[in-house]
Amino acid sequence: MLLPFLVTVTALVTALVLVAQRSFVIAQPDEWLLTIRNGALLRAGVGIQLWRRPGDVVVRFTSTMQRVSFTAAALTEERLPVTVEAFILWSVSSEDDAPFRAYQKLGLVNVDAPPAGLRSPKHLLSTPQHHAFQRLLGAMVRRLASRLPLDELLTDHGTLVALLRDDLRGLEEDLGIRVDRIEVQGVQPNDDEVRAALSAEVEEQLRAQAGEARLRADERAALLAIESETRVADERAAAHRLTLAREEATASATLDKDQRLALRRAEVAHEQAMEAETRALELARAVAAREAVDLEAQLDRLARRATVEAEALTVRARAEQGRSQADRDHELGCLVAEKVGDALKTLPLREARWVTVGNDSPATSLAGVVAATRELLGASP
């Protein structure tokens with residue numbers, strides 16, 4: 001009787017232990033633990049412990065961040081084919097019932113009942129689900145790339161990332177996940193001609209940048225060489241000045257009183273000579289200035305005299321123009337008689353010849369001379 005009783009007790013204890021082990025569930029620090037009762041979420045948390053009642057469904061899956069890489073063949077705004085390589089980092093959201101929604105809609109891997117072919121218990125998705133997620137992300141990228149030009153896709157991945165993040169916000173809310181990071185690894189044109197043109201352009205830019213870098217390096221080297229030479233020259237000049245100062249100090253210390261007095265006299269004589277030369281130079285400048293003033297005054301007087309004579313000649317010319325021809329002939333005859341009389345007074349006549357100029361006879365000319373002489377004598381006082 002005792003043996004069957006012991007067997008029964010042992011079986012009961014074993015059964016109770018098994019029931020306790022099955023009812024008490026512990027999640028690892030990097031695992032989500034969900035309790036579902038009657039199709040509704042009862043409790044969810046990371047690294048928690050709970051007792052499971054009969055009929056409750058307990059799900060455990062990893063809480064680690066997941067990486068999904070994908071490649072998408074797309075067309076740009078110019079209808080040029082490109083290949084976009086990117087990846088996202090995502091995890092299950094902890095807001096409200098987000099873990100339950102993620103488990104419902106994504107079919108997350110339950111580590112208590114893993115599917116066949118699961119590579120690691122740290123994966124949230126099985127292989128088919130992972131591929132479906134990749135295709136979904138590729139479709140989003142193809143749609144967004146068609147709105148961007150090739151230059152922007154190649155040089156500014158931030159625009160594509162921002163557009164993709166905006167599109168994923170609705171998916172995050174619906175699936176109960178959180179996209180932690182989006183990275184575009186590269187965008188490559190599929191057309192060989194486009195790739196060759198872009199490579200040539202990039203090569204030219206790199207060559208220009210290398211040339212500018214070499215120029216800046218040469219400029220810095222030249223500046224450093226100039227600074228070094230200047231510093232060496234300054235140091236040499238300072239050393240030379242120090243040497244001269246020492247020599248002067250030594251020479252001054254060795255000179256006696258007579259030599260110093262002679263040097264002082266020579267300095268005074270030199271100063272006096274310089275002062276005399278300065279005074280002589282100032283005197284010469286004063287004389288030159290006075291002569292310049294005198295010359296200017298003389299030139300002014302000559303100019304005024306010339307002006308007066310010119311005005312007198314003008315008056316005479318005007319008066320001469322106003323006289324009659326008879327007055328001019330009479331004045332000419334008087335001038336001739338005056339000159340002849342002067343000649344007769346001063347020169348003895350030994351031989352005389354009469355020269356007639358014009359159509360008048362000698363007698364007529366002589367009569368005119370006598371008449372002119374008389375008029376002259378009669379007009380004189």
Side-chain angles (χ1 to χ4, degrees), residues 27 30-36 39-47 57 59-77 81-111 113-115 117-149 152-154 156-188:
D30 59 348
E31 289 179 343
W32 278 99
L33 183 60
L34 280 65
T35 303
I36 303 170
L41 180 66
L42 184 63
R43 186 180 178 188
V46 177
V57 177
V59 178
R60 283 192 304 125
F61 52 83
T62 182
S63 63
T64 58
M65 188 175 295
Q66 304 293 297
R67 186 177 189 270
V68 178
S69 300
F70 61 95
T71 301
L75 295 176
T76 66
E77 187 181 36
V82 295
T83 299
V84 181
E85 295 182 359
F87 69 87
I88 69 168
L89 298 177
W90 67 281
S91 59
V92 176
S93 176
S94 59
E95 296 181 359
D96 299 330
D97 61 342
F100 183 52
R101 281 186 280 120
Y103 179 73
Q104 281 182 317
K105 297 184 178 181
L106 285 176
L108 303 181
V109 172
N110 187 356
V111 296
L118 183 66
R119 296 180 181 179
S120 171
K122 300 299 181 183
H123 289 172
L124 278 171
L125 300 176
S126 62
T127 301
Q129 292 167 320
H130 185 81
H131 291 166
F133 206 171
Q134 287 177 324
R135 288 192 291 271
L136 174 64
L137 294 173
M140 287 183 174
V141 168
R142 280 192 293 272
R143 185 178 69 256
L144 297 174
S146 64
R147 296 157 52 184
L148 300 175
E152 191 169 359
L153 280 174
L154 294 176
D156 186 10
H157 296 164
T159 303
L160 180 59
V161 169
L163 293 175
L164 185 57
R165 182 172 291 279
D166 290 339
D167 270 14
L168 287 173
R169 283 196 177 95
L171 190 65
E172 289 175 323
E173 181 66 23
D174 184 50
L175 298 181
I177 63 175
R178 181 180 68 248
V179 176
D180 299 287
R181 190 171 184 84
I182 303 173
E183 286 292 339
V184 176
Q185 295 171 290
V187 179
Q188 294 294 332

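Keep in mind that this is a model prediction, so the values were computed, not measured.
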Can you name the closest pair of heavy atoms from V184 and H157 and give their distance? O-ND1, 3.5 Å
Using the rule given for side chain to side chain contact (heavy atoms under 4.5 Å, CB included), can you reason through V141 versus F70, listing the C-alpha separation, both sets of side-chain angles and the distance that settles it, and then say yes or no? CA-CA 10 Å; V141 168; F70 61 95; 3.5 Å; yes
In Å and rounded to the nearest 0.5 Å, what is the CD to CD distance from Q134 to Q129? 12.5 Å
Which residues pass the salt bridge (Lys or Arg N to Asp or Glu O under 4.0 Å) test with R60, not counting sequence neighbours? E31, D112
For the pair D167 and R169, evaluate salt bridge (charged side-chain N to carboxylate O under 4.0 Å, His left out) and give the outcome as yes or no after the intermediate values. CA-CA 6 Å; D167 270 14; R169 283 196 177 95; over 6 Å; no
Is it the case that T83 and E85 place a side-chain donor and acceptor less than 3.5 Å from each other? no
If you measure from CG on L148 to CD on E77, what distance do you get to the nearest 0.5 Å? 7.5 Å
Are the side chains of L118 and V109 in touch, meaning some heavy atoms are under 4.5 Å apart? yes
P99: which of L34, V46, L41 passes side-chain contact (heavy atoms from CB on, under 4.5 Å): L34
Validation row, ring centre F133 to ring centre W90 under 6.0 Å: yes
Side chain to side chain contact (heavy atoms under 4.5 Å, CB included) assessment of L33 paired with F61: CA-CA 7 Å; L33 183 60; F61 52 83; over 6 Å; no
Residues K122 and Q66: closest non-hydrogen pair is O-NE2, 3.0 Å
Consider side-chain contact (heavy atoms from CB on, under 4.5 Å). Of V111, L106, N110, which one does L108 pass it with? L106
Could you grab the distance from atom CD of Q188 to atom CG of L154, nearest 0.5 Å is fine? 7.5 Å
Where do V57 and T35 land on the side chain to side chain contact (heavy atoms under 4.5 Å, CB included) test, with the steps shown first? CA-CA 6 Å; V57 177; T35 303; over 6 Å; no
Any side-chain heavy-atom pair from W32 and V59 closer than 4.5 angstrom? no
Quick check for you: to the nearest 0.5 Å, what is the distance between L137 atom CG and T71 atom OG1? 11.5 Å
More than 12 non-hydrogen atoms from neighbouring residues, nucleotides or ligands closer than 6.0 Å to CD on E173, yes or no? no
Using a 6.0 Å cut-off, check whether atom CD of E95 has over 12 heavy atoms from anything other than its own residue. no
So CG of L153 and CG of L160: to nearest 0.5 Å the spacing works out to 6.0 Å
Any side-chain heavy atom of V179 sitting closer than 4.5 Å to one from L89? no
Within the structure provided, determine whether H123 and T62 are in side-chain contact (heavy-atom separation under 4.5 Å). no
Can you establish whether the number of heavy atoms outside R67 located under 6.0 Å from its atom CZ is more than 12? yes
Criterion side chain to side chain contact (heavy atoms under 4.5 Å, CB included) on K105 and D174, from CA distance to verdict: CA-CA 9 Å; K105 297 184 178 181; D174 184 50; 2.8 Å; yes
CD of E172 to CZ of R165: how many Å apart, nearest 0.5 Å? 7.0 Å
Are the side chain of D96 and the backbone of A98 linked by a donor-acceptor contact shorter than 3.5 Å? no
Among S94, S91, S93, find the residue that satisfies the side-chain hydrogen bond (donor to acceptor under 3.5 Å, both in side chains) test when tested with R178. S91
Identify the two heavy atoms, one from T159 and one from E152, that lie closest to each other, and give their separation to 0.1 Å. OG1-OE2, 2.9 Å
Spell out, as yes or no, whether a donor-acceptor pair under 3.5 Å connects the side chain of E183 to the backbone of I88. no
